[in-house]
Amino acid sequence: MASLSLRGIYKKYPGGVVAVSDVNLEIRDKEFIILVGPSGCGKSTTLRMIAGLEEISEGELYIGDRLVNDIAPKDRDIAMVFQNYALYPHMTVFENMAFGLKLRKVPKDEIARKVEEAARILDLSHLLDRKPKAMSGGQRQRVALGRAIVRSPKVFLLDEPLSNLDAKLRAQMRTEISKLHKKLGTTFIYVTHDQTEAMTMGDRIVVMKDGFVQQIDTPQNLYEQPVNKFVAGFLGSPQMNFIDAVLRKNSAQQYYVEFGSDDSKTSRGVKYQIIVPESKAVPELEKYVDREVTLGIRPESVHDEEMYISTATTGVIDCNVEITEMMGAETFLYLECEGIPITARVSPRSTARPQDMIKVALDPNRIHLFDKETEKTIVN
């Protein structure tokens with residue numbers, strides 16, 4: 001098995017286009033690591049450089065203790081699973097899975113043993129004589145995984161392998177791939193733009209934007225301790241609410257954020273305040289007093305329960321309900337407060353309906369504050 005080390009990796013194209021900038025990443029043996037970010041952020045290019053399908057412009061890539069910058073893809077002992085499965089249509093499942101081993105002149109009996117073992121793991125044993133066109137998308141994806149498994153590589157690279165599947169199948173395959181990782185005990189590097197996949201599958205997540213790594217951490221830490229506004233907004237569905245506010249300090253030396261305006265579109269013109277809890281009152285806040293900041297709060301920290309609102313000492317605001325989405329186990333409320341859109345994730349028992357005026361309370365213990373200019377996190 002293998003660890004990987006990416007040291008100062010760049011990908012530069014002719015004409016001065018830099019697709020990937022200064023990626024430094026240590027991937028532990030047997031780790032399931034996920035590269036996530038919007039389209040064009042450089043995640044697939046990074047994966048292709050690890051595979052050897054793209055040349056590294058600058059930096060060093062180690063698999064184990066071996067520098068592999070100039071080593072051909074076939075000699076890196078890695079297997080890649082592509083988004084479009086890349087199966088041979090004229091071959092059966094067995095032949096597709098065995099193809100790479102045949103090229104390596106592996107004895108026939110060993111090929112049969114390895115293919116049958118992989119087919120058993122992936123529940124494909126009854127499909128070995130079928131051609132790809134007679135199979136569903138999920139079955140084809142499993143064949144593509146099987147073709148990688150039979151080679152027993154040190155590292156699996158998966159490039160958006162589930163993006164062609166429907167939602168239900170995607171959820172199933174997420175579980176299958178996680179189980180497979182545990183069963184094989186191999187290093188997995190997985191690329192996706194789907195943050196649900198990232199949050200549910202990875203040991204650690206690498207969040208990328210515009211070719212730069214923004215943050216590398218566990219799913220929980222990324223969700224609760226984002227380093228900047230981009231990471232905070234990218235992870236979580238519905239995404240974090242962002243509100244333009246001003247940081248103030250009162251006579252009791254408490255910090256508070258103020259938002260809303262005296263001449264708002266709603267004609268009520270109310271200013272709302274949330275006191276920053278003592279646990280979040282970091283010394284750095286002092287330099288932001290009377291300056292604009294961005295207040296962030298996740299939908300599940302916006303409460304509409306009467307009991308919560310009646311005991312809240314700060315952060316209670318008036319909102320107009322624009323849309324309600326009943327999701328079964330929860331309800332999403334799309335609200336408008338002083339011209340500011342706010343999403344709340346509330347109990348399915350909520351009685352709020354479109355056009356209602358309601359009060360909601362923002363949990364002060366769950367607020368985040370971001371620098372307005374740099375978008376870096378001030379307080380988590």
Side-chain angles (χ1 to χ4, degrees), residues 36 138 162-163 165-176 178 192-202 205 218-226 229 231-243 245 257 259-260 266 268 270 272-275 277 294-368 380:
V36 71
L162 309 183
S163 58
L165 306 179
D166 64 57
K168 187 182 174 196
L169 203 48
R170 247 200 332 259
Q172 271 177 345
M173 284 300 292
R174 279 207 304 267
T175 315
E176 292 300 317
S178 295
T192 180
H193 62 269
D194 182 328
Q195 49 101 2
T196 309
E197 273 176 37
M199 293 294 282
T200 52
M201 294 168 78
I205 301 172
T218 61
Q220 191 73 19
N221 284 350
L222 285 173
Y223 193 75
E224 293 176 358
Q225 308 281 327
K229 186 180 166 188
V231 175
F234 191 77
L235 295 174
S237 178
Q239 77 155 37
M240 183 183 281
N241 296 296
F242 295 115
I243 300 169
V257 280
F259 62 93
T266 60
R268 293 191 312 277
V270 181
Y272 292 109
Q273 297 175 354
I274 302 181
I275 292 171
T294 302
L295 165 66
I297 187 155
R298 294 206 179 272
E300 62 269 26
S301 303
V302 180
H303 299 273
D304 75 336
E305 313 94 85
E306 192 51 54
M307 224 173 116
Y308 190 98
I309 293 165
S310 62
T311 57
T313 53
T314 182
V316 177
I317 62 175
D318 296 299
C319 293
N320 178 42
V321 181
E322 296 196 315
I323 297 170
T324 60
E325 278 184 357
M326 314 289 183
M327 307 295 285
E330 58 196 4
T331 294
F332 298 154
L333 303 180
Y334 295 92
L335 312 167
E336 181 267 332
C337 166
E338 296 288 300
I340 301 159
I342 294 175
T343 307
R345 174 190 259 141
V346 298
S347 157
R349 294 184 295 280
S350 171
T351 56
R353 294 294 174 265
Q355 272 62 66
D356 285 357
M357 284 299 300
I358 64 167
K359 284 188 185 300
V360 294
L362 312 185
D363 183 349
N365 296 301
R366 310 294 294 170
I367 62 170
H368 303 257
N380 272 322

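These numbers come from a predicted model, not from an experiment. Because only heavy atoms are used, hydrogens play no part in the values below, and waters and symmetry mates are left out as well, while side chains stay in.
- Counting only heavy atoms from C-beta outward, the side chains of P226 and H368 approach each other to under 4.5 Å.
- The heavy-atom pair separating A312 from A361 by the smallest distance is CB-CB, 4.2 Å.
- Side-chain contact between V257 and Q273 is absent, with no heavy atoms from C-beta onward closer than 4.5 Å.
- What you find for G315 and I274 is that their closest heavy atoms are CA-CG1, 3.7 Å.
- The shortest non-hydrogen separation linking S237 to Q195 is CB-NE2, 3.1 Å.
- Every residue two or more places apart in sequence or in another chain that forms a side-chain contact (heavy atoms from CB on, under 4.5 Å) with I297 is listed here: N241, S301, V302, L362, I367.
- In this structure, the side chain to side chain donor-acceptor pair (under 3.5 Å) partners of E224, at least two apart in sequence or on a different chain, are Q220.
- Rounding to the nearest 0.5 Å gives a distance of 6.5 Å between OH of Y272 and CD1 of I317.
- Using a 4.5 Å heavy-atom cutoff, the side chains of E336 and P341 are not in contact.
- Annotation: the span from L335 atom CG to C337 atom SG amounts to 8.5 Å, rounded to 0.5 Å.
- Here the closest heavy-atom approach between residue C319 and residue V360 is recorded as SG-CG2, 3.8 Å.
- Remark: the backbone N or O of A344 is not paired with any side-chain donor or acceptor of R298 at under 3.5 angstrom.
- In this structure, CG in D194 is found 9.5 Å from OG in S163, a value given to the nearest 0.5 Å.
- Heavy-atom minimum distance, F234 versus V36: CE2-CG2, 3.5 Å.
- Judged purely by atom type and a 3.5 angstrom limit, T331 has no side-chain atom pairing as donor or acceptor with the backbone of V346.
- Each salt bridge (charged side-chain N to carboxylate O under 4.0 Å, His left out) pair with one or both residues in residues 340-367, not counting sequence neighbours, appears once here: E300-R345, D318-K359, E330-R345.
- Closest approach of L169 to D166, counting heavy atoms only: N-OD1, 3.0 Å.
- The side chain to side chain donor-acceptor pair (under 3.5 Å) check on S178 picks up nothing, with sequence neighbours excluded.
- Residues passing the ring-ring contact (aromatic ring centres under 6.0 Å, His included) test with F242, sequence neighbours excluded: F370.
- For Q225, the side-chain contact (heavy atoms from CB on, under 4.5 Å) partners are N380, not counting sequence neighbours.
- Between the CZ atom of F259 and the CD atom of E338 there is a distance of 8.5 Å, given to the nearest 0.5 Å.
- Residues that satisfy the side-chain contact (heavy atoms from CB on, under 4.5 Å) test with E176, not counting sequence neighbours, are M173, K179.
- In this structure, the separation between OG1 on T294 and CE on M240 is 11.0 Å, given to the nearest 0.5 Å.
- Rounded to the nearest 0.5 Å, atoms CD1 (I309) and CD1 (I358) are 7.0 Å apart.
- For CE of M307, the number of neighbouring non-hydrogen atoms (other residues, nucleotides, ligands) closer than 6.0 Å is 12 at most.
- Remark: T343 engages no residue in a side chain to side chain donor-acceptor pair (under 3.5 Å) (not counting sequence neighbours).
- Scored by the ring-ring contact (aromatic ring centres under 6.0 Å, His included) test, H303 finds Y308 as partners (sequence neighbours excluded).
- Of the possible polar contacts, none joining the S350 side chain to the S347 backbone as a donor-acceptor pair under 3.5 Å is found.
- Among residues two or more places apart in sequence or in another chain, the side-chain contact (heavy atoms from CB on, under 4.5 Å) test is passed with Q355 by none.
- With hydrogens and angles ignored, the 3.5 Å screen pairs no side-chain donor or acceptor of E322 with any backbone N or O of P354.
- Contacts classified as ring pair (Phe, Tyr, Trp, His ring centres under 6.0 Å) and involving residues 310-352 (residues at least two apart or in different chains) are not found.
- Scanning for side chain to side chain donor-acceptor pair (under 3.5 Å) contacts around T175 gives an empty result, with sequence neighbours left out.
- Looking at I205 and T218, their side chains never come closer than 4.5 Å, going by heavy atoms from C-beta outward.
- In this structure, S310 contributes its side chain and E306 its backbone to a donor-acceptor pair below 3.5 Å.
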